[in-house]
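If you read the sequence from its start, that first residue is 1, and numbering goes on from there. What's counted below: heavy atoms across the whole structure, side chains too, no hydrogens, waters or symmetry copies. Please read these numbers as outputs of a predicted model, since none were measured by experiment.
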Amino acid sequence: MLKNTTIFTISILASAIALSACQPKQAEPKEGQTAASEAVQAEVLKLAGDSEKLTLDLPECDGNSCPEISIERLSSNQAFIDEFIDQQILKQLDHILDISPKLAKENQLATTTENLKASKAQDQAASVAIETPKQKLEQQVAPYLVNFLSLDKELKALSANHQISLMIKPKILNADLPLATVVLNSSSYLGGAHGSSSQRYYNFDLEKKKQVELNDILAPNQKAALEKKAHEVFKAWVIESKLANSVEEYEQAWKFTLSDNFYLSSQGLILQYGEYEIGPYVVGLPRLTIPYDQLQTVLKKQYLPPVEAPASMPTATKAKS
């Protein structure tokens, strides 16, 4: 009986071992695969792309007074940033062309009517087409284009020889850590005494997929300290630029304010200002740069550049005889 039991037990163990041998082994990630996975992750956390020009329907025109308009959007590997910049482009157009809600609605209605007439023969094909982000923005820009061309007609009716123009273009400045940065440049001339321009920076945390504002990069309770340091840079700028005999005299007309338009450059924290914010038109778009060595307790550590380790001192060696 004992012999039979032993034989039976050995038989079960042999079957179990055989069954185990037949099971596929769990594949372990190879070193190359791990490196590839990390490379993909790094690529996701890096802003890459370029601007693409919108196709705008301009009337045929010859001569030096033809209106010029060029609008570009960002096309990158970060869709949430592209969508955000698209909205900022529309806000910029609204600011430049100053379209009232009523006029915008009228322009949209006129554009929609014209588009409807032109596209009836293509309804079937359009129903299966997928609207791209570029095409969507082009439709949203259409009312502003109508207003831009209407302004051109009004100026020409007054015998004005001015050539009106408008340009908006985004560009990637910082591609990855600590913040990805896109600058939105714009310039326009709409028949006044002079043109206008702006430069706005937008910063993003690619991991959290969110916009980062100035308050987000400051250490707790450090906004007053930043304002004080920025004011000192402002004073130096006033004197170096010879804008007035004294800072006190200058600030009677142009009071200092802390801008929230910023980006992290290799030199330090850049505070960008618009026209007429802290100076007359002649100073253009002033910017103040605060070096990182003055911001060690003002910015959160993750937004400061890494501190380089000091080079090791050479050691003296005894010359061999």
Side-chain angles (χ1 to χ4, degrees), residues 51 64-72 85 88-89 91-99 144 147-148 151-152 154-156 158-171 173-174 181-203 213-214 223 226-291 294-295:
S51 60
N64 296 326
S65 61
C66 296
E68 293 184 350
I69 182 168
S70 175
I71 300 175
E72 299 183 33
I85 297 299
Q88 300 310 310
I89 290 172
K91 287 182 180 180
Q92 193 68 263
L93 283 169
D94 196 54
H95 174 72
I96 294 172
L97 293 171
D98 194 24
I99 291 185
Y144 297 98
N147 197 49
F148 178 76
L151 175 62
D152 180 62
E154 288 177 14
L155 290 173
K156 284 182 170 54
L158 296 171
S159 299
N161 294 321
H162 297 303
Q163 180 188 35
I164 65 171
S165 61
L166 193 158
M167 181 279 296
I168 299 178
K169 182 177 180 178
K171 181 182 178 181
L173 283 185
N174 294 336
T181 305
V182 176
V183 60
L184 189 62
N185 292 302
S186 71
S187 64
S188 62
Y189 175 70
L190 302 178
H194 50 68
S196 180
S197 59
S198 72
Q199 201 165 53
R200 185 77 198 185
Y201 300 98
Y202 300 100
N203 302 279
E213 299 182 343
L214 182 62
K223 191 165 187 178
L226 174 63
E227 187 166 2
K228 183 178 179 180
K229 292 178 183 298
H231 195 191
E232 291 302 318
V233 177
F234 167 82
K235 291 177 184 178
W237 168 71
V238 171
I239 298 302
E240 290 170 7
S241 303
K242 299 179 180 180
L243 297 174
N245 294 325
S246 68
V247 175
E248 291 75 15
E249 178 188 333
Y250 185 81
E251 286 202 273
Q252 289 179 7
W254 303 102
K255 197 74 175 175
F256 169 77
T257 58
L258 182 66
S259 175
D260 62 354
N261 186 9
F262 79 97
Y263 84 96
L264 300 172
S265 74
S266 57
Q267 294 80 30
L269 174 66
I270 302 289
L271 296 176
Q272 179 69 58
Y273 290 83
E275 294 172 340
Y276 301 109
E277 278 195 88
I278 56 171
Y281 179 80
V282 69
V283 303
L285 303 173
R287 57 168 51 184
L288 306 178
T289 304
I290 309 174
Q294 297 183 25
L295 299 170

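- Distance check, rounded to the nearest 0.5 Å: CD of Q199 to CD1 of I270 gives 10.0 Å.
- Inspection of the T257 and E277 side chains reveals no N or O donor paired with an N or O acceptor under 3.5 Å.
- Q272 contributes a side-chain N or O that, together with a main-chain N or O of P286, makes up a donor-acceptor pair within less than 3.5 Å.
- Of all heavy-atom pairs spanning A230 and L271, the tightest one is CB-CD1, 3.7 Å.
- With contacts defined as side-chain heavy-atom distances shorter than 4.5 Å, the pair Y201/F262 does not qualify.
- Pairs engaging residues 234-243 under the salt bridge (Lys or Arg N to Asp or Glu O under 4.0 Å) rule: E232-K235 [sequence neighbours left out].
- Between R287 and Y263, some side-chain heavy-atom pair lies under the 4.5 Å cut-off.
- Looking only at distances, a side-chain donor or acceptor of Y189 sits under 3.5 Å from a matching main-chain atom of G192.
- Summarising the geometry, atom CD1 belonging to I69 is positioned 11.5 Å from atom OH belonging to Y144; distances are rounded to the nearest 0.5 Å.
- With sequence neighbours excluded, the residues that form a side-chain hydrogen bond (donor to acceptor under 3.5 Å, both in side chains) with S265 are Q267.
- When only modelled atom types and interatomic distance are considered, S196 and S188 share no side-chain donor-acceptor pair under 3.5 Å.
- Counting only heavy atoms from C-beta outward, the side chains of I96 and L190 approach each other to under 4.5 Å.
- Taking the side-chain hydrogen bond (donor to acceptor under 3.5 Å, both in side chains) definition, one finds that E249 meets it with nothing, sequence neighbours left out.
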For the pair L264 and N203, evaluate side-chain contact (heavy atoms from CB on, under 4.5 Å) and give the outcome as yes or no after the intermediate values.
CA-CA 9 Å; L264 300 172; N203 302 279; 5.8 Å; no
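- Summarising the geometry, atom OH belonging to Y281 is positioned 5.0 Å from atom NE2 belonging to H194; distances are rounded to the nearest 0.5 Å.
- Remark: S51 pairs with E72 by the side-chain hydrogen bond (donor to acceptor under 3.5 Å, both in side chains) rule, at least two apart or across chains.
- Within a 6.0 Å radius of NZ in K156, more than 12 heavy atoms belonging to other residues, nucleotides or ligands are found.
- When atom types are taken as modelled, the side chain of N261 and the backbone of Y273 share no donor-acceptor pair closer than 3.5 angstrom.
- In this structure, Q163 contributes its side chain and C66 its backbone to a donor-acceptor pair below 3.5 Å.
- Across all non-hydrogen atoms, the minimal contact from S259 to L214 is O-CD2, 3.5 Å.
- At distances below 3.5 Å, at least one donor-acceptor pair connects side-chain atoms of E275 with backbone N or O atoms of S197.
- Here the side chains of P67 and I164 are in contact, with some heavy-atom distance below 4.5 Å.
- The line from CG of N185 to OG of S198 is 7.5 Å long, rounded to the nearest 0.5 Å.
- Judged as a side-chain hydrogen bond (donor to acceptor under 3.5 Å, both in side chains), and not counting sequence neighbours, the contacts of S241 are W237.
- Across K255 and I278, no two heavy atoms sit closer than the pair O-CG2, 4.1 Å.
- Considering only heavy atoms from C-beta on, L258 comes within 4.5 Å of K223 through its side chain.
- For the pair V233 and T289, the minimum side-chain heavy-atom distance is 4.5 Å or more.
- To the nearest 0.5 Å, atoms CD (Q92) and CD1 (I71) are separated by 10.5 Å.
- When all heavy atoms are compared, the tightest approach of N161 to S65 is O-CB, 4.1 Å.
- In this structure, L166 and L93 have side chains that are in contact, with non-hydrogen atoms separated by less than 4.5 Å.
- With sequence neighbours excluded, the residues satisfying ring-ring contact (aromatic ring centres under 6.0 Å, His included) with F256 are H231, F234.
- Using a 4.5 Å heavy-atom cutoff, the side chains of Y250 and I239 are not in contact.
- Closest heavy-atom contact between K229 and L295: CD-CD2, 4.3 Å.
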